[in-house]
Amino acid sequence: MKIKKKIVLIGMMGSGKSTIGALLSKKMNMKFIDVDSKIETIEKQTISQIFKLKGEKYFRGIEVETILSMLNSKEKELVLSLGGGSFLDEKVRKNVKNNSLSFWLNWKPSTIIKRIRKSSKRPLIQGLNDQEIEKMMLERNKYYAKSNFKIDCENQKKNEIVDKIISIVKENEIKS
Ligand code: S3P
């Protein structure tokens, strides 16, 4: 499918941005870039190592730089999945708004907590209890709500989420 804008997936850690992004790009015959993986390739370190060795501030700088360069690239047929904290940055939000159709993959806190507890890849939640993660999530939801479309993912199969996004993209292509 030829579309005029990039597609950006946002949402909390564990919301399935990478999985859904990969499936979506395959189905739409578009290129997929997972920003966290891209940063790991650029830095030759895992996200956890970057946090540990260089700190969160350094990570956020690289994150913004990487996202802006992807969003401003000439490539149109691109699906990007952003790290969960990146949409809190105003520059990122503004660029996402101007250069893409953005989708927030929304889940209830208990689902997200269960999912992210299973993995040790997320330095930001190490040492946080469930209430603290929920608080972080609710604060972030205010920013995620600034995306173009909210996709309620609870009780939806991966393919249903992908198809929902595709139908919204198609609708918007017709309008534009
Ligand atoms: C972060 C989310 C992670 C990663 C980093 C920080 C966050 O990405 O960028 O650990 O602040 O929410 P995912 O959302 O892909 O887990």
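First listed ligand is number 1; within each ligand, the first listed atom is number 1. Computed from a predicted model, the values in this text were never measured in an experiment.
- Near Phe59, meaning under 4.0 Å from one of its heavy atoms, ligand 1 places the atoms 9 (O).
- For atom 5 (C) of ligand 1, the nearest non-hydrogen atom of the protein is Ile47 CG2, 3.8 Å.
- For the atom pair CG of Asp34 and CG of Leu82, the computed distance is 9.0 Å after rounding to the nearest 0.5 Å.
- Judged by distance alone, the side chain of Lys6 and the main-chain N or O of Asn99 form no donor-acceptor pair under 3.5 Å.
- Every heavy atom of Met137 sits 4.0 Å or more from the atoms of ligand 1.
- Summary of contacts: the protein heavy atom closest to atom 14 (O) of ligand 1 is Lys17 NZ, 2.5 Å.
- Here the CD1 atom belonging to Ile116 is positioned 6.5 Å from the CZ atom belonging to Arg122, to the nearest 0.5 angstrom.
- Going from atom CE of Met137 over to atom OG1 of Thr111 covers 8.0 Å, rounded to the nearest 0.5 Å.
- Near Gly84, meaning under 4.0 Å from one of its heavy atoms, ligand 1 places the atoms 2 (C), 7 (C), 8 (O), 12 (O), 13 (P), 14 (O).
- The distance between the ring centers of Phe51 and Phe59 falls below 6.0 angstrom.
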For this session: Given ring-ring contact (aromatic ring centres under 6.0 Å, His included), test Tyr143 with Phe87 step by step and report yes or no.
Result: CA-CA 7 Å; Tyr143 295 95; Phe87 210 61; 8.2 Å; no
Problem set entry | side-chain hydrogen bond (donor to acceptor under 3.5 Å, both in side chains) between Glu43 and Tyr58, intermediate numbers included | CA-CA 11 Å; Glu43 291 290 298; Tyr58 176 86; 2.8 Å; yes
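- Under a 4.0 angstrom heavy-atom cut-off, Arg140 registers as being in contact with ligand 1.
- Inclusion of Gly83 in the set of residues having an N or O under 3.5 Å from an N or O of ligand 1 is not warranted.
- With distances taken over non-hydrogen atoms, the option nearest atom 7 (C) of ligand 1 out of Gly85, Pro123, Ser119, Ser81 is Gly85.
- Using a 4.0 Å cut-off to heavy atoms of Leu124, the atoms of ligand 1 that qualify are 7 (C), 11 (O).
- Relative to atom 9 (O) of ligand 1, the option among Ile10, Leu9, Asp36 with the closest non-hydrogen atom is Asp36.
- Contact of the Thr46 side chain with the Gln49 side chain is registered, since non-hydrogen atoms from C-beta on lie closer than 4.5 Å.
- In this structure the side chain of Ser86 never reaches within 4.5 angstrom of the side chain of Val64, judged on heavy atoms.
- Of the protein's non-hydrogen atoms, Arg122 NE, 2.7 Å is the one closest to atom 16 (O) of ligand 1.
- The heavy atom nearest to atom 11 (O) of ligand 1, out of those in Met13, Lys121, Glu56, Arg60, is found in Arg60.
- For Ser18, no nitrogen or oxygen atom sits less than 3.5 Å from a nitrogen or oxygen atom of ligand 1, counting backbone and side chain alike.
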